[in-house]
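Heads up, the thing below is written out as structure tokens.
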Amino acid sequence: MKHTRLVALLLATVLASAASAEASKADPAKGQKIASTVCAACHAADGNSTVPANPRLAGQPADYLVKQLKAFKAPVDPKKPESYRDNATMRGMVANLSEEDMLNVAVYFESQKAKFGVTDTKLRAQGEKIYRGGIASKGVPACMACHGPTGAGMPSQFPRLGGQHPAYVEAQMKAFRDGKRANDPAKMMRSVAAKLSDDDIKAVAAFVAGLH
């Protein structure tokens, strides 16, 4: 597991360099227009969604967002679950977006300031232990090894978790655990989530909501 995580981290570093070059060609102004017309209803114009089921996109690494948008647009192929995300709503939203559009809107959202939530203190304390130290008895690594000590994420493989809605984080972790989402690099999230109980997941989700 440690070897797989190291390989994924190295890959993320390489991809981040390439993505940085691509991001320099993006046009945030065009991205803002897309955000205001296509994305705002669910994610808010600045990416700080107020709907718990819809993720906050503000401050999310642009290349991670591009990767996810491409996954939503990719053909659904049950034989290649790692190549797509099956979400009817998002599939409709990205249908008419070009790769240039995706990059523009992703760079725009990355530039927006993320807001942070407040959750149950007891749950946060339990979640912090898992996030920072993992669960040794279950073979669960610390979440911050990939998502960073402040939850900022690591382009393009690991998303920003700091400030994310607990309900959304919880839903995605359960989706990885149940195999309903499989576009994680080297099955890393599926492997971790498989070892987490509902209470573990709820606690981590509560902690990252206020992490920054």
Side-chain angles (χ1 to χ4, degrees), residues 7-51 53-76 80 82-117 146-165 168-169 172 181-186 188-189 208 211-212:
V7 171
L9 286 169
L10 290 173
L11 176 61
T13 301
V14 173
L15 291 175
S17 298
S20 178
E22 282 296 309
S24 66
K25 304 174 184 177
D27 187 335
K30 290 182 179 179
Q32 183 176 19
K33 291 181 180 180
I34 296 171
S36 299
T37 56
V38 179
C39 315
C42 294
H43 300 285
D46 67 346
N48 282 294
S49 164
T50 58
V51 181
N54 299 331
R56 285 175 170 153
L57 304 181
Q60 192 68 255
D63 49 335
Y64 179 79
L65 288 177
V66 169
K67 177 187 175 184
Q68 301 310 309
L69 289 170
K70 288 181 177 179
F72 283 125
K73 191 171 183 176
V76 174
K80 298 179 180 179
E82 71 285 351
S83 67
Y84 70 93
R85 289 183 66 176
D86 193 9
N87 181 297
T89 299
M90 280 304 302
R91 191 164 290 278
M93 293 295 100
V94 302
N96 295 318
L97 295 183
S98 66
E99 290 194 11
E100 181 180 354
D101 292 333
M102 292 180 187
L103 181 59
N104 288 339
V105 75
V107 168
Y108 166 72
F109 278 133
E110 181 183 47
S111 71
Q112 301 306 295
K113 186 176 181 179
K115 296 180 180 179
F116 302 94
C146 292
H147 296 281
T150 63
M154 183 179 293
S156 66
Q157 303 298 309
F158 311 116
R160 177 190 183 94
L161 296 182
Q164 192 56 269
H165 289 303
Y168 179 76
V169 174
Q172 295 308 303
R181 179 176 172 183
N183 70 323
D184 50 327
M188 291 178 69
M189 274 308 303
V208 299
L211 182 61
H212 59 281

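Shortest non-hydrogen contact noted between Val66 and Ala106 is CG2-CB, 3.7 Å. Closest of all the heavy-atom pairs between Phe109 and Leu65 is CB-CD1, 3.8 Å. Nearest approach of Val169 to Gln164, heavy atoms of both residues: CG2-CG, 3.5 Å. Ala26 approaches Leu103 most closely through the heavy-atom pair CB-CG, 3.8 Å. Minimum heavy-atom separation, Asn54 to His165: O-CD2, 3.1 Å. Smallest separation of non-hydrogen atoms from Asp46 and Gln112: O-CB, 3.3 Å.
Taking 4.5 Å as the limit, every side-chain heavy atom of Tyr64 sits out of range of all side-chain heavy atoms of Pro155. In this structure, Arg56 and His43 have side chains that are not in contact, with every pair of non-hydrogen atoms separated by 4.5 Å or more. The shortest side-chain heavy-atom distance between Lys30 and Gln32 does not fall under the 4.5 Å cut-off. When side chains are defined from C-beta on, Cys39 does not count as touching Met93, because their heavy atoms never get closer than 4.5 Å. Looking at heavy atoms from C-beta onward, Phe72 lies in side-chain contact with Asn87 at the 4.5 angstrom threshold. When side chains are defined from C-beta on, Met90 counts as touching Leu69, because their heavy atoms get closer than 4.5 Å. Residues Cys146 and Met154 have side chains not in contact (no heavy-atom distance under 4.5 Å, counting atoms from C-beta outward). Looking at heavy atoms from C-beta onward, Lys67 lies in side-chain contact with Pro185 at the 4.5 angstrom threshold.
A side-chain N or O of Gln68 and one of Asn183 form a donor-acceptor pair less than 3.5 Å apart.
A donor-acceptor pair under 3.5 Å links the side-chain atoms of Ser111 to the main chain of Tyr108, judged by distance alone. For Glu110 (side chain) and Pro61 (main-chain N/O), no donor-acceptor pair under 3.5 Å exists by modelled atom type. Asn104 contributes no side-chain N or O that, together with a main-chain N or O of Asp101, makes up a donor-acceptor pair within less than 3.5 Å. Checked by atom type and distance alone, the side chain of Arg85 never pairs as donor or acceptor with a backbone atom of Ala182 at under 3.5 Å. No donor-acceptor pair under 3.5 Å is formed between the side chain of Asn48 and the backbone N or O of Ala114.
Under a cut-off of 6.0 angstrom, the local environment of NZ in Lys73 is crowded, with over 12 non-hydrogen atoms contributed by other residues, nucleotides or ligands. Around atom CD of Glu99, no more than 12 heavy atoms belonging to other residues, nucleotides or ligands sit under 6.0 Å away.
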Let's go through Leu161 and Leu211 carefully: what are the C-alpha distance in whole Å and the side-chain angles of both, what is the deciding distance for side chain to side chain contact (heavy atoms under 4.5 Å, CB included) to 0.1 Å, and is it a yes or a no? CA-CA 8 Å; Leu161 296 182; Leu211 182 61; 5.7 Å; no
Might you work through the side chain to side chain contact (heavy atoms under 4.5 Å, CB included) test for Lys113 and Lys115, ending with a clear yes or no? CA-CA 7 Å; Lys113 186 176 181 179; Lys115 296 180 180 179; over 6 Å; no
Verdict with reasoning, Tyr84 to Arg91, per side chain to side chain contact (heavy atoms under 4.5 Å, CB included): CA-CA 10 Å; Tyr84 70 93; Arg91 191 164 290 278; 4.2 Å; yes
